[in-house]
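All chains are named by letter (A, B, ...) in the order of the sequence lines, taking the proteins before the strands, and each is independently numbered beginning at 1. Everything quoted here is computed from the prediction, not taken from an experiment.
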Amino acid sequence: MADRKPTKATQERAQRIYTKLEKLYPDAHCALNHRNAFELLVATILSAQCTDERVNMVTPALFKKYPTPQKMAKATQEQLEELIRTTGFYRNKAKNILGAATRIVEKFDGKVPDNMDDLLSLPGVARKTANVVLGNAFGINVGVVVDTHVGRLAWRMGLLRNARDTKDAVKIEKDLMPLFEQENWTMLSHLLISHGRGVCNARKPDCENCQLVDDCKQKDVKKK
DNA sequence: CTCCCGATAT
DNA sequence: ATATCAGGAG
């Protein structure tokens with residue numbers, strides 16, 4: 001458990017990266033359309049292994065029919081499945097949003113919880129989804145949202161202690177937290193995701209047009 | 001670890 | 001054909 005502090009060089013690189021990203025994406029924000037915490041919670045559950053663009057195609061009809069936890073809790077799983085089918089994993093997701101809505105009504109007075117423990121008690125909600133809701137719906141920075149983009153970028157930019165952790169979201173989160181100001185944690189994931197979607201994508205990173213190559217390991221890998 | 005799973009890019 | 005997309009549960 002050699003949980004050493006990050007090196008000063010890593011700290012400085014992290015700050016440099018954040019500053020550049022902030023200038024590149026001054027209006028970075030949550031790309032999942034939502035009007036309140038409940039909609040964001042549902043949209044985030046639906047976003048698993050699916051583009052947020054696709055999620056935004058199904059949520060208007062979904063929220064029109066089931067705008068509140070109370071209404072959604074009265075839906076049948078089949079009704080929900082039909083509306084969310086194109087997001088993939090639709091049986092699990094329908095069961096989870098139905099179960100989450102039901103639990104919110106029964107245990108949380110119809111309101112989406114604003115703390116980590118209660119959010120984690122909802123079906124289909126783990127740390128990533130909880131961090132999204134806390135950060136974007138409640139403005140609470142208790143952790144860093146680690147999704148596939150954040151994990152990939154964190155590794156490419158040399159912000160992880162060891163490359164083995166690319167699959168472990170919790171370890172990635174623990175590596176990232178001390179490198180950035182807590183008040184910036186939510187924005188950090190928006191910035192990394194913006195860059196990860198547009199430039200530093202998984203398939204074909206556009207290193208020629210990347211402003212961060214100097215702080216990136218991927219450029220060496222790509223030199224084939 | 002496996003499974004869930006449709007849509008899109010390559 | 002294969003990889004990937006704001007993951008989570010068993």
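With A/Lys93 contributing its side chain and A/Gly88 its backbone, the two residues share a donor-acceptor pair below 3.5 Å. The closest donor-acceptor contact from the side chain of A/Arg91 to the backbone of A/Glu81 lies at 3.5 Å or more, if one exists at all. Although no hydrogens or angles enter the test, the distance criterion places a donor-acceptor pair under 3.5 Å between the side chain of A/Thr68 and the main chain of A/Lys71.
Relative to the side chain of A/Val132, the nucleotides B/dT10, C/dA6, B/dC4 differ in distance, and C/dA6 lies closest. Proximity note for A/Arg91 (side chain, C-beta onward) versus B/dT10, B/dC5, C/dA6: the nearest is B/dC5. Taking the side chain of A/Thr86 as heavy atoms from C-beta on, and the options C/dG8, B/dC4, B/dA7, the nearest nucleotide is B/dA7. Among the nucleotides B/dG6, C/dA6, B/dC4, the one closest to any side-chain atom of A/Asn92 is B/dC4.
Put simply, CZ on A/Phe89 is 10 Å from C1' on C/dC5, counting in whole angstrom units. Going from atom CG of A/Leu119 over to atom C1' of C/dG8 covers 15 Å, rounded to whole Å. Across the protein-nucleic acid pair, A/Gln49 atom CD and C/dT4 atom P stand 11 Å apart, rounded to whole Å. C/dG7 atom C1' lies 14 Å from atom CD of A/Glu173, rounded to whole Å. For the pair A/Arg127 CZ and C/dA6 P, the computed distance is 21 Å after rounding to whole Å. In this structure, A/Ile172 atom CD1 and C/dA6 atom C1' are separated by 13 Å, rounded to whole Å. Remark: P of C/dC5 and NZ of A/Lys128 are 12 Å apart, rounded to the nearest angstrom. Between A/Asn201 atom CG and B/dT8 atom P there is a gap of 18 Å when expressed in whole angstrom units.
Pairs passing the salt bridge (Lys or Arg N to Asp or Glu O under 4.0 Å) check and including a residue from residues 26-38 of chain A, sequence neighbours excluded, read A/Arg35-A/Glu39.
With rounding to the nearest 0.5 Å, the separation of CG in A/Asn115 from CZ in A/Phe138 is 9.0 Å.
For A/Leu122 and A/Thr148, each mapped to the nucleotide of DNA chain C holding its nearest heavy atom, the one lying further toward the 5' end belongs to A/Thr148. Where A/Ala31 and A/Gly124 each meet DNA chain C at their nearest nucleotide, the meeting point lying more 5' is that of A/Ala31. Toward the 5′ end of DNA chain B lies the nearest nucleotide of A/Thr51, the other residue of the pair A/Arg203 and A/Thr51 mapping further downstream.
Taking the C1' atom of each, C/dT4 and B/dC5 are spaced 13 Å apart, rounded to whole Å. With P as the reference atom, B/dA7 and C/dG8 are 22 Å apart, rounded to whole Å. With both ends at atom C1', the span from C/dC5 to B/dC4 equals 15 Å, rounded to whole Å.
For C/dC5, neither phosphate oxygen OP1 nor OP2 lies less than 4.0 angstrom from any side-chain nitrogen or oxygen of A/Arg197. When the side-chain nitrogen and oxygen atoms of A/Thr87 are compared with OP1 and OP2 of B/dG6, none of them lie within a distance under 4.0 Å.
Contact check on A/Asp175 versus A/Arg161 returns a salt bridge, with a Lys/Arg side-chain nitrogen under 4.0 Å from an Asp/Glu carboxylate oxygen.
Between the side chain of A/Arg54 and the base of B/dA7, no donor-acceptor pair of N or O atoms lies under 3.5 Å.
Using a 4.0 Å heavy-atom criterion, one finds that A/Val125 contacts the sugar-phosphate atoms exclusively. Within 4.0 Å of A/Ser189, counting heavy atoms only, lies no atom of the nucleic acid at all.
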